[in-house]
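Worksheet: the structure to be examined is printed underneath.
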Amino acid sequence: VTTVLLLVVLACFAYLLLVYVTAIVFLLIGAFENAVRKHDADSDHFATLESSRFTIPVSVIVAAYNEEIVIESTVRSFLGFDYPEFEVVVVNDGSTDGTLARLVEAFDLSPYEVFARHIFETQPVRVIYRSPLHPNLVVVDKMNGGKADSWNAALNVTRYRYVCGVDADTVFDPKALLKAMRVAVNDPARIVGVTSQITTAREPERVLAQPVGSRQVERGLLAVYQHLDFARAFLSNRLAWSRHGFMLCSPGGFQIWRRDVLEEVGGYSTQFTCEDIELTFRIHERYRREGRPYEIRCLPDSVGITESPGDVGKLISQRERWQRVINETVMHYRRMWFNPRYGSVGMVGAPFYLLTEVLSPAIELLAVLSLAAAVALGIFDLQIFLVVFAAMAFVNAALTAGAILLDDLQSRLYRVRDLVRLLLWAPLDIVLYRPIITWAKLKGSWGFVRGDKSWDRFDRNVRPT
Amino acid sequence: VDALVLRVAIVVLSVAFGVWVALSVAIVLGRLRYERTRRRHTRPLSPRAAKRLVHRARSRPRTEWGRWRRLRALQRLEGAHHAAVPRLIRPVLDDPDPMIAAAAIRTLGDIGDDWAVDVLLDALRRGEKQRSRIASELERLAPLPAKKLVPLLHDWNPQVRFWGATLLRPYPDLGTETLIGLTWDSDPNVRAAAVETLGTRSGSAVGVALVARLDDSEWFVRVHAARAVGHVVGVDAAPSIVRLFADERWWVRTAAKDALRGMGVDAVPTLLSVLAHDDRFARNGAAEVLQDNGFVDFLVLDDPRSPLLARIYAAGGDRYRDAAEARAEAIPEEEVRVA
């Protein structure tokens, strides 16, 4: 028993070492990519792009289900994009609250019939609304069918060559679309998808209103740790993935796709719990299999803020769903694992997801149980355990500090005192935040095993009146 | 094993702690330094700094990072209006990395003189990529490149002719005759660009040339032709445009609807004439435009039982009628009386 336990503990250490080494390598690659993108952005003329008729028009699509609290401010944020030509298509996905009434009142909507194409089959559309105040706003009211179904309904009425899918709980910097589309304008034949960094806040509209350089990270540990979690995900991982051609998750909060690609792969799939990561995997799979040149790029610019769960219960519910969809997607595309035909996607990206996302809850649980048993049985000294734990905490903290550094070099958004706060809380992530995420991941993995595909969206945070 | 694990853990802890502290200090000091330098006005380039930058801009770096540094050096020299910039920028334009080449194009736009226009036009003729960025810069420099654009219309390369036709849009006095000729070009992209640019001009010869393109074999030429004819010929061309409501391509039908929408109520007689068309798309297209230009709302308020309204509803369908009635109900009684 002792030998087996020791071997299990050592195997967990080896896994941990592999994960940390990979994270460090990705962070270093991400740092290089961040610097290159900064050079590129600094040398661009946003004013020229903003007024040029050669800047490719974009259709912004939004799915809204029971978003009464946030919908007006988020749609205003979309309509406020500094971009030469764009339309906003909001799909009310059979909301049971006052989402539609709020939209009708705020934007003076009237019902109109639009004879659109039916490229994708969706739940029936009830009414299409237009606004005399905003000719580029279309609201589609349809029967409930989920986010993917709503985005497909939006695709049926959109007109432009690129489509930007955004969440109804996310507000954006007015330059968000321009910052992302700048890349596509340079090479539209190759760039099929673009995404960029988004951050979190309990009240995104309030945080976004604060000026650049003086922006605050919201009070409360949950807000701090979710902020750090997003920064690590984008700056420590996705920049590196993007650089080496295996950007496997364009988040639903902000994802730009070339429309013909979406049509070619069959639009958003309603067969999965969530649509964003699956679509990214599907596009990679198709293009790699057919050996066609393409690129899905992730940019370091912080372009928007999405609403974060305001309490632990909501956070667990959200992360549980994320874990389920990752498991569904990675297992569905298992033919890509370690398959050289899929290049870096098959040899690095998909295995990375398998090791660090799909298997991690089980390995983390095993590590905790075996370590506890090893300490209890006297195989491991408690002092050694604490030193190892402290080492893990500071490796995490160093990686987090790296992500904060990249973010600050790129955007210079937050006040110095908030940066210090983030840095000081980083080492305690492993004690205060990681256990919650691990628990959510375990629940998500169990849900996946049971075949659960429910959405369980968290209730929006209540705003002060 | 215990001793080994402990030793490794202590080493990892020391290194990680050190890195965390170093990065934290770098973040805070770097940010404070940035805040300080941001407030300071840009100082003129010293001769020594200029020499260093020229040296860097002249180098032939092999790495991507080195090539970006070369470009940044060039941009700083351009900001200081250094005389060596014209000599140094050409190799950067040919950089294999499209991002770096695009940045060089933007730098030429910043220079913005006759020489820069010539280099941009030369790059437009030679380049396989980035032509849209070159076009953006040339348009930014308007009206400086105006006369230099006309020769592009006669280029052997259809892509250059395409960009020549596209870029002439802001100059209504230039190249009209040649553009009319290009509506018959063998390359459909050139025809589309010529049609689009002629859509901002006037004259009967232009109108005749554009109407002829409504029957082009390529759908995207018909798209541009529908919009252009709507602008140039106006309501007289409505019967020609409305035919496109039955086109096989959705984009053409949409462009035709846009064109007729732009004519307002003047297009109503033409639209009414297709309500009984054999083609479903033609019928519902006509109903949609009648809805969008306010004619249906007028009928609903004026005479909700009119046979004409019933014909329009028949073309539009049930959801169309429901939407029209809902719009009418939303209008307050006083406003109806005023109307």
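- Residue contact with chain A, scored on non-hydrogen atoms closer than 4.5 Å, involves the side chain of B:W251 exclusively.
- Taking the six-membered ring for Trp and the full ring otherwise, the centers of B:W68 and A:F32 sit at least 6.0 Å from each other.
- Heavy atoms of A:V185 lying under 4.5 Å from chain B belong to its backbone as well as its side chain.
- Neither the backbone nor the side chain of A:L409 comes within less than 4.5 Å of any heavy atom in chain B.
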| field | Verdict with supporting geometry, A:R53 and B:E139, salt bridge (charged side-chain N to carboxylate O under 4.0 Å, His left out) | value | CA-CA 9 Å; A:R53 62 191 165 103; B:E139 199 146 280; 2.9 Å; yes

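- Interface remark: B:L167 contributes backbone and side-chain atoms alike to the contact with chain A (heavy atom separation under 4.5 Å).
- Between B:R133 and A:D187 no salt bridge is recorded (no basic side-chain N to carboxylate O distance below 4.0 Å).
- For A:R417, no part lies under 4.5 angstrom from a heavy atom of chain B.
- Counted by atom type alone, B:R140 and A:H45 present one or more donor-acceptor pairs between their side chains at under 3.5 Å.
- Taking both residues in full, the closest heavy atoms of A:T48 and B:E137 are given as CG2-OE2, 4.2 Å, listed atom of the first, atom of the second, then distance.
- Top candidate by heavy-atom pairs under 4.5 Å with chain A, chosen from B:A135, B:G109, B:A26, is B:A135.
- Residue A:L405 holds its CG atom at 5.0 Å from CD1 of B:I27, rounded to the nearest 0.5 Å.
- Ranked by heavy-atom pairs shorter than 4.5 Å toward chain B, the options A:I379, A:V420, A:D408 are led by A:D408.
- Other residues, nucleotides and ligands place more than 12 heavy atoms under 6.0 Å from the CD atom of B:E325.
- More than 12 heavy atoms of other residues, nucleotides or ligands sit less than 6.0 Å from atom CZ of B:R72.
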| query | Does the side-chain contact (heavy atoms from CB on, under 4.5 Å) test come out yes or no for A:V114 and B:E288, once each step is laid out? | reply | CA-CA 7 Å; A:V114 176; B:E288 189 178 343; 4.1 Å; yes

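- The nearest pair of heavy atoms linking A:A398 to B:L23 is O-CD1, 3.4 Å.
- In this model, a donor atom of one side chain and an acceptor atom of the other lie less than 3.5 Å apart for B:R106 and A:S43.
- Heavy-atom neighbours of B:F298 CZ from other residues, nucleotides or ligands within 6.0 Å: at or below the threshold of 12.
- Of all the listed residues (B:V21, B:V11, B:D292), the one sharing the greatest number of non-hydrogen pairs under 4.5 Å with chain A is B:D292.
- Only the side chain of A:F13 comes within less than 4.5 Å of a heavy atom of chain B; its backbone N, CA, C and O stay farther away.
- Both the backbone and the side chain of A:D40 come within less than 4.5 Å of a heavy atom in chain B.
- With rounding to the nearest 0.5 Å, the separation of CH2 in B:W20 from CG in A:N396 is 12.5 Å.
- Only the side chain of B:A102 comes within less than 4.5 Å of a heavy atom of chain A; its backbone N, CA, C and O stay farther away.
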| task | Check step by step if side-chain contact (heavy atoms from CB on, under 4.5 Å) holds for B:V28 and A:L419. | result | CA-CA 8 Å; B:V28 173; A:L419 294 175; 5.6 Å; no

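- Of the listed residues (A:M392, A:Q383, A:R130), the one with the most heavy-atom contacts under 4.5 Å to chain B is A:R130.
- How far OH of A:Y112 is from CD of B:Q291: 6.5 Å, rounded to the nearest 0.5 Å.
- When all heavy atoms are compared, the tightest approach of A:A391 to B:A9 is CB-O, 3.7 Å.
- The CG atom of A:D42 sits 8.5 Å away from atom CD of B:Q75, with the distance rounded to the nearest 0.5 Å.
- Using a 4.0 Å cut-off between a side-chain N of Lys or Arg and a carboxylate O of Asp or Glu, B:R321 and A:E113 do not qualify as a salt bridge.
- Proximity to chain A involves both the backbone and the side chain of B:T166, based on heavy atoms less than 4.5 angstrom apart.
- With a 4.5 Å cut-off on non-hydrogen atoms, A:A393 does not touch chain B at all.
- The nearest pair of heavy atoms linking B:R319 to A:I128 is NH2-CD1, 4.5 Å.
- In this structure, OG in B:S132 is found 7.0 Å from CG in A:N186, a value given to the nearest 0.5 Å.
- Closest heavy-atom contact between A:R159 and B:W250: CG-CH2, 4.4 Å.
- Heavy-atom pairs under 4.5 Å with chain B were tallied for A:V36, A:T400, A:L422, A:D44; the largest tally goes to A:D44.
- Heavy-atom pairs under 4.5 Å with chain A peak, among B:S14, B:S24, B:A103, at B:S24.
- Judged by distance alone, the side chains of B:R327 and A:S110 never bring a donor and an acceptor atom under 3.5 Å apart.
- Remark: B:R69 CZ is loosely packed, at most 12 non-hydrogen atoms of other residues, nucleotides or ligands lying under 6.0 Å away.
- To the nearest 0.5 Å, atom CZ of residue A:F115 and atom NZ of residue B:K257 are 7.5 Å apart.
- For chain B, the option among A:D381, A:I404, A:L49 with the highest count of heavy-atom pairs below 4.5 Å is A:L49.
- Shortest non-hydrogen contact noted between A:P111 and B:A323 is CG-O, 3.6 Å.
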